[in-house]
There are 2 protein chains.
Amino acid sequence: MASGDTPPLALNRLSVYLRALRALQREGIERISSQRLASRFGLSAPQIRKDLAQYGEFGIRGIGYDVVSLRRRLEHVLGLDRRHAAVIVGAGNIGTALARFPGLNTGAFHIVAVFDIDPKRIGARIGDLTVRDPLELAEVVESTGADMGILAVPAEAAAENYFALVGAGVRAVLNFAPVRLEEVDGVRVKDVDLTIFLEELAHHLVSSS
Amino acid sequence: MASGDTPPLALNRLSVYLRALRALQREGIERISSQRLASRFGLSAPQIRKDLAQYGEFGIRGIGYDVVSLRRRLEHVLGLDRRHAAVIVGAGNIGTALARFPGLNTGAFHIVAVFDIDPKRIGARIGDLTVRDPLELAEVVESTGADMGILAVPAEAAAENYFALVGAGVRAVLNFAPVRLEEVDGVRVKDVDLTIFLEELAHHLVSSS
DNA sequence: GATTGTGAATAGATTCACAGCT
DNA sequence: AGCTGTGAATCTATTCACAATC
């Protein structure tokens, strides 16, 4: 039971385990061993055990793990047993797609507002949201209790809007702009850089044929 | 000069260095030392040197690196000195946003076709592309010489469409569906799993406040 | 004098192997 | 008998420090 620090690579695996457990639960499976979980989902059994043991002992020796209680425990560790409200900044292609993305409007996450600086976009509807002026950002974050921001603006506008999100009070930012932002005030930034992913694939194409 | 294997973590850093070099070139800077590159872009100088040394010696001791020639060399290593044609499978929110994404239609990459199984979407226009029936996939990949596929379909359809892309002859796949695909035939899969990113941020929100 | 390229040192992550429960 | 939890061993990645070069 040594929590507090989380090995960053292990963290993303917890999400993978959680997804697997949800699938097992839908099938009505009540118990699973690390070995069967690993072979079924292409994972490593000792790694599953080590990752899970980080957060306490909740397997049963000789038996395995209880699917439902482990799922709940992982949801708790990942902070998915509270709702997280998020605002999107940038209502271009990506911002609009994200506003409609099911994963952002089910379960623990929901989008409460979309902002764009372009007057032609302000007032437009995306699903049941209306695009707003970024001047309202701080007020909306405050009134909705949003804790996450999603940056879907061009590279050159990313830093400025990150600061605006920080100032408004969000604690975590998902950044789709192709720039590395300098973190301030412990407001975590996670970059989703499609360019880098594409270049990784391009490298594979030329280095293995 | 020991190429052939590429340390996977170093590879993504090359993309970051490349972006930095392009910025320097736009500013007209001709030479840069690992130290200044590092401090300006928040990187580690010894790591830059080690990463670059992987691909041969192309710095000048006492001086630093030549911005233009290093940029070219990185573009070559990453396979960005050829054009890569990509097809998108799935014309929902994400597929449509990607079809319009500038990073996919400039420089080394370009989108040559978008497919969707929904008859209501087939024939629709996205920019200057027309949504097509997936039955035409193999033929289009063949005739355009596409080497990459982008999967933007629901989770349950991902595996089947991955196999279709493999069968059609692409060599690399960017997967936006929230499932881990089993790689076949050396056709590289890169997962872009928004759910996992969101959960990482959610964890930060609950573990540090 | 400045800066690279690199072997040696350190830190971090994964796998192994087995003692300890059920 | 079966399976977890974990210390020890291995593998991978990063940082350091300095000889080689300009």
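Model, not experiment: these values are computed from the prediction. Numbers restart at 1 for each chain; the letters A, B, ... are given by sequence-line order, proteins then strands.
Near DNA chain D, meaning a heavy atom under 4.0 Å from it, residues 27-35 of chain B has no residue at all.
Side-chain atoms of A:His84 and B:Leu205, non-hydrogen and from C-beta on, do get closer than 4.5 Å to each other.
Within the nucleic acid shown, B:Arg36 has no heavy atom closer than 4.0 Å to any nucleic acid atom.
The aromatic rings of A:Tyr65 and A:Phe58 lie perpendicular to each other, with more than 60° between the two planes, well past the 30° mark.
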Side-chain donor-acceptor distances from residues 85-105 of chain A under 3.5 Å, at least two apart:
residue: A:Asn93; atom: ND2; partner: B:Arg100; partner atom: O; Å: 3.4
residue: A:Thr96; atom: OG1; partner: A:Ala91; partner atom: O; Å: 3.1
residue: A:Thr96; atom: OG1; partner: A:Gly92; partner atom: O; Å: 2.7
residue: A:Asn105; atom: OD1; partner: A:Ile111; partner atom: N; Å: 3.3
residue: A:Asn105; atom: ND2; partner: A:Ala99; partner atom: O; Å: 3.1

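Separating the CG atom of A:Leu43 from the P atom of C:dA13 is a distance of 18 Å, rounded to the nearest angstrom. Across the protein-nucleic acid pair, B:Glu57 atom CD and C:dT3 atom P stand 17 Å apart, rounded to whole Å. As a whole-Å value, the separation of B:Asp66 CG from C:dT4 C1' is 15 Å. In this structure, CD of B:Gln54 is placed 12 Å from C1' of C:dG5, rounded to the nearest angstrom. Atom-to-atom, CD of A:Gln47 to P of D:dT10 comes out at 19 Å; the value is rounded to the nearest Å. For the pair B:Ile48 CD1 and D:dA13 C1', the interatomic distance rounds to 16 Å; values are reported in whole Å. Taking atom CG of residue A:Leu11 and atom C1' of nucleotide C:dG12, one finds them 16 Å apart after rounding to whole Å. Taking atom CZ on B:Phe58 and atom P on C:dT6, their separation rounds to 11 Å, with Å as the unit.
Residues A:Glu27 and A:Arg40 are paired through a salt bridge, judged by an N-O separation under 4.0 Å between the basic side chain and the carboxylate. The pair A:Arg19-B:Asp193 meets the salt-bridge criterion, with a side-chain N (NZ, NE, NH1 or NH2) lying under 4.0 Å from an Asp/Glu carboxylate O. With salt bridges taken as basic N to acidic carboxylate O contacts below 4.0 Å, one links A:Glu75 and A:Arg22.
For the pairing with B:Leu21, the side chain to side chain contact (heavy atoms under 4.5 Å, CB included) check across B:Val16, B:Val68, B:Ile29, B:Leu70 returns one residue only, B:Leu70. Of the residues B:Asp147, B:Ile150, B:Val141, B:Leu137, the one that meets the side chain to side chain contact (heavy atoms under 4.5 Å, CB included) test with B:Val170 is B:Val141.
When the nucleotides C:dA13, D:dA13, D:dT15 are ranked by their closest atom to the side chain of B:Ser44, D:dT15 comes out on top.
Using modelled atom types, one finds a donor on one side chain and an acceptor on the other under 3.5 Å when comparing B:Tyr17 with B:Asp51.
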Please enumerate all protein N or O atoms sitting under 3.5 Å from an N or O of nucleotides 18-22 of chain C, with distances to 0.1 Å.
residue: C:dG20; atom: N3; partner: A:Arg61; partner atom: NH1; Å: 3.4
residue: C:dT22; atom: O4'; partner: A:Arg61; partner atom: O; Å: 3.0

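Taking side-chain N and O atoms only, A:Tyr65 has a distance below 4.0 Å to OP1 or OP2 of D:dG5.
Side chain A:Lys50 to base C:dT15: a donor-acceptor pair is found below 3.5 Å.
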